[in-house]
Undergrad: 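Before we start, here is the structure in question, set down as structure tokens.
Sequential numbering from 1 along the given sequence is applied to the chain's residues.
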Amino acid sequence: MIKVLSVFGTRPEATKMVPLLMALQDEPGVEPYFCATAQHRELLDQVLNPMEIKPDFDLNIMTHGQSLEDVTSKVLSGLRPILKELKPDLLLVHGDTTTTFAASLAAFYAKVAVGHVEAGLRTYDKYRPYPEEINRKLVTALADLYFAPTEQTRENLLKENVPDKSIYVTGNTGLDFLKYTVKDSYYYENEALNGLDYSKRILLMTAHRNENQGKPMEAICRGVLRLIEDYPDTMLVWPMHPNPNVRETAKKYLSAHERILLTDAISAFDMHNLMKRSYLLLTDSGGLQEEAPAFDLPVLVLREVTERPEGLTAGTLILAGVEEDSIYNHGAKLLTNTKLYNKMATAPNPFGDGQASGRIIKAIKERFI
């Protein structure tokens, strides 16, 4: 039996690791375990509870106003006795969170092999996104198996002298999760979403990144407000991140408009079904850039750079930046230019086919059997 310990603690990690965790549970010859760090307790549980997934170990580290140093030290110290007791063959982490980096370092200290799901994403700017870009580069240095979602991410790893034999191109596991969440007839957990007027074109927005807080967030708000004011057949829906800096800015600029709905953060189930019914996505999220093309949903990326250039090449994404005029102009084009909109909406998804979990498990078994 291959003993595999998966470690994650945020909602974005959960949406991409839960389908892999469930596939591991059904796989002969694999003994899977799950440790939740709960770096983001409430948002993590929005994924775990509906899927009826209970951690084998729960570090429950989240505290109000926690720092990156707090998260790193708590994950390191919390995983130490678990790794000593369990002695897994492989520790699986995902992406670029502080949980991911700290768990990989803990595994290295315990001389446990690390498998990095969604390996190889890069912006080559250490502060954009912060701290994610450095987290994923550090995990590359610590990992033993690399599950790259695309050929581009594989090339990024090869440039950093990662052995080719340790890299497996799998697609992105986030697309695997959609089969659990999307329904033709769906009732939203967030009651406010059940009353949306779908005769309007729904502009769905998320924005929360550290580097976007402050003046960039204010510019983003001004840009989208102009879009809603100039196009009366539209409505903006913004499920807001719990971060008070984000919420204060959003409410300051957008709360008074009758065609703007500001709501609390929503579950992955609500988000995926809302994406299916939306006209345009504006986001600084990473995972949503990968999921949106599965819904034929064009994306304006509210960032200066993206570690997902495959979407730019394929035509599913536009890098709109964080300047008011740029956001407005790109949005206005997609609201008025049907040919451009349809080209983006029908572009093939470059991030995978929903079968990534099976490829990862096959690679693990090849390595350990």
Undergrad: List the atom of Tyr187, the atom of Glu191, and the distance in Å for their closest heavy-atom pair.
TA: OH-OE1, 2.8 Å
Undergrad: With rounding to the nearest 0.5 angstrom, report the CD to CD distance, Gln152 to Glu307.
TA: 12.0 Å
Undergrad: For Asp233 and Arg201, what are the C-alpha separation, side-chain angles and deciding distance, and is it a salt bridge (Lys or Arg N to Asp or Glu O under 4.0 Å)?
TA: CA-CA 6 Å; Asp233 67 334; Arg201 292 187 285 180; 2.9 Å; yes
Undergrad: Evaluate Leu145 against Val114 for side chain to side chain contact (heavy atoms under 4.5 Å, CB included), listing each step before the verdict.
TA: CA-CA 6 Å; Leu145 292 175; Val114 174; over 6 Å; no
Undergrad: Given 3.5 Å as the limit, does a donor-acceptor pair link the side chain of Ser166 with the main chain of Val162, or not?
TA: no
Undergrad: To the nearest 0.5 Å, what is the distance between CG (Asn190) and OG1 (Thr263)?
TA: 3.5 Å
Undergrad: Determine whether Met22 and Ile53 make a side-chain contact, defined as any pair of heavy atoms from C-beta on separated by less than 4.5 Å.
TA: yes
Undergrad: Hey, is the main chain of Tyr231 close enough, under 3.5 Å, to the side chain of Thr234 for a donor-acceptor pair?
TA: yes
Undergrad: Just to verify, which of Thr170, Thr150, Asn172 counts as forming a side-chain hydrogen bond (donor to acceptor under 3.5 Å, both in side chains) with Glu118?
TA: Asn172
Undergrad: Donor-acceptor pair, distance only, cut-off 3.5 Å: does the side chain of Asp296 make one with the backbone of Thr346?
TA: no
Undergrad: Hey, what's the ring geometry for Tyr188 with Tyr186, parallel, tilted or perpendicular (30° and 60° as the breaks)?
TA: perpendicular
Undergrad: So does Lys84 have more than 12 non-hydrogen atoms from other groups sitting under 6.0 Å from NZ?
TA: no
Undergrad: Grab the two heavy atoms, one from Pro298 and one from Leu280, that are nearest each other, plus how far apart they are.
TA: O-CD1, 3.5 Å
Undergrad: Run the numbers on Gln39 and Leu44 for side chain to side chain contact (heavy atoms under 4.5 Å, CB included), then give the verdict.
TA: CA-CA 8 Å; Gln39 178 178 334; Leu44 173 69; over 6 Å; no
Undergrad: Mind checking what makes side chain to side chain contact (heavy atoms under 4.5 Å, CB included) contact with Asp164, not counting sequence neighbours?
TA: Arg154, Leu158
Undergrad: Under 3.5 Å, side chain of Glu133 to main-chain N/O of Pro129, donor-acceptor pair present?
TA: no
Undergrad: May I have the step-by-step check of side chain to side chain contact (heavy atoms under 4.5 Å, CB included) for Leu43 and Thr10, ending in yes or no?
TA: CA-CA 7 Å; Leu43 298 181; Thr10 69; over 6 Å; no
Undergrad: For Glu69 and Thr72, run side chain to side chain donor-acceptor pair (under 3.5 Å): C-alpha distance rounded to whole Å, both residues' side-chain angles, the deciding distance at 0.1 Å, then the answer.
TA: CA-CA 5 Å; Glu69 294 86 353; Thr72 302; over 6 Å; no
Undergrad: Looking at Gln289, is its backbone amide N or carbonyl O close enough to the side chain of Arg308 to form a donor-acceptor pair, meaning the two atoms are under 3.5 Å apart?
TA: no
Undergrad: Between Val18 and Leu24, is there shared hydrophobic-cluster membership here, with clusters defined by ILVMFWY side-chain heavy atoms closer than 4.5 Å?
TA: yes
Undergrad: Under a 4.0 Å N-O cut-off, is there an ion pair linking Asp58 with Arg41?
TA: yes
Undergrad: Under 4.0 Å between a Lys/Arg side-chain N and an Asp/Glu carboxylate O for Asp325 and Arg226?
TA: yes
Undergrad: Can you list every pair that meets ring pair (Phe, Tyr, Trp, His ring centres under 6.0 Å) and has a residue in residues 313-357, with sequence neighbours left out?
TA: Tyr279-Tyr341
Undergrad: Measure from the side-chain N and O atoms of Lys74 to the backbone N and O of Ile61, and report whether any donor-acceptor pair falls under 3.5 Å.
TA: yes
Undergrad: Using 0.5 Å steps for rounding, measure from the CD atom of Glu324 to the CG atom of Leu225.
TA: 9.0 Å
Undergrad: What's the spacing between Leu300 CG and Ile220 CD1 if we round to 0.5 Å?
TA: 11.0 Å
Undergrad: Is a side-chain N or O of Asp89 found less than 3.5 angstrom from the main chain of Ile2, in a donor-acceptor match?
TA: no
Undergrad: Going from NE2 on His94 to CZ on Arg136, what distance comes out if it is rounded to the nearest 0.5 angstrom?
TA: 11.0 Å
Undergrad: What closest approach, in Å, do Thr206 and Ser285 show between heavy atoms, and which atom pair accounts for it?
TA: OG1-CB, 4.0 Å
Undergrad: Please evaluate residues Glu160 and Thr140 with respect to the criterion side chain to side chain donor-acceptor pair (under 3.5 Å), reporting the C-alpha separation (whole Å), side-chain torsions for both, the decisive distance (0.1 Å), and the verdict.
TA: CA-CA 9 Å; Glu160 296 175 17; Thr140 294; 4.6 Å; no
Undergrad: Can you name the nearest heavy-atom pair linking Gly115 to Leu90, along with the distance?
TA: N-CD1, 3.4 Å
Undergrad: Could you tell me the separation between the OG1 atom of Thr100 and the CG atom of Leu91, rounded to the nearest 0.5 Å?
TA: 9.5 Å
Undergrad: Salt bridge check: are Asp45 and Arg11 linked by an N-O gap of less than 4.0 Å?
TA: no
Undergrad: Could you check Glu290 against Thr173 for side chain to side chain contact (heavy atoms under 4.5 Å, CB included), going step by step and ending with a plain yes or no?
TA: CA-CA 10 Å; Glu290 300 154 347; Thr173 54; over 6 Å; no
Undergrad: Grab the two heavy atoms, one from Leu288 and one from Met275, that are nearest each other, plus how far apart they are.
TA: CD2-SD, 3.8 Å
Undergrad: Please confirm whether the backbone N or O of Phe34 pairs with a side-chain atom of Asp56, one donor and one acceptor, at under 3.5 Å?
TA: yes
Undergrad: Between Asp125 and Thr123, is the side chain to side chain donor-acceptor pair (under 3.5 Å) condition met? List the steps.
TA: CA-CA 5 Å; Asp125 183 331; Thr123 65; 5.6 Å; no
Undergrad: Indicate, with yes or no, if Leu274 and Phe295 share a hydrophobic cluster defined by side-chain heavy-atom contacts under 4.5 Å among Ile, Leu, Val, Met, Phe, Trp and Tyr.
TA: yes
Undergrad: Assess the residue pair Thr37 and Thr99 against the criterion (side chain to side chain donor-acceptor pair (under 3.5 Å)); give the C-alpha distance rounded to whole Å, side-chain angles, the decisive distance to 0.1 Å, and a yes or no.
TA: CA-CA 7 Å; Thr37 68; Thr99 281; 2.8 Å; yes
Undergrad: Considering non-hydrogen atoms only, spot the tightest contact between Asn135 and Asp96 and give its length.
TA: ND2-O, 2.9 Å
Undergrad: Is Met235 reachable from Tyr198 through a run of I, L, V, M, F, W or Y residues, each pair having side-chain heavy atoms under 4.5 Å apart?
TA: yes
Undergrad: Is it the case that over 12 heavy atoms from other parts of the model lie below 6.0 angstrom from the NZ atom of Lys365?
TA: yes
Undergrad: I'd like to know if Ile369 and Ile360 are part of one continuous hydrophobic network [Ile/Leu/Val/Met/Phe/Trp/Tyr, side-chain heavy atoms within less than 4.5 Å].
TA: yes
Undergrad: Using a strict threshold of under 4.0 Å (side-chain N to carboxylate O), is an ion pair present between Arg259 and Glu229?
TA: no
Undergrad: Assess whether salt bridge (Lys or Arg N to Asp or Glu O under 4.0 Å) is satisfied between Arg367 and Asp144, documenting all intermediate values.
TA: CA-CA 10 Å; Arg367 188 67 173 259; Asp144 301 273; 5.8 Å; no
Undergrad: If the threshold is 4.0 Å, N to carboxylate O, is there a salt bridge linking Asp353 and Arg359?
TA: yes
Undergrad: Applying the 4.5 Å side-chain criterion to the ILVMFWY set and letting contacts propagate, would Ile260 and Trp238 be lumped into a single cluster?
TA: yes
Undergrad: Could you label the plane-to-plane angle of the Phe177 and Phe269 rings as parallel, tilted or perpendicular, counting under 30° as parallel and over 60° as perpendicular?
TA: perpendicular
Undergrad: Donor-acceptor pair, Thr249 side chain versus Asn245 backbone, under 3.5 Å?
TA: yes
Undergrad: Keeping the roles fixed (side chain from Asp284, backbone from Arg303), state whether a donor-acceptor pair exists under 3.5 Å.
TA: no
Undergrad: Using the rule side-chain hydrogen bond (donor to acceptor under 3.5 Å, both in side chains), only one of Glu189, Gln46, His272 pairs with Ser267; which is it?
TA: Glu189
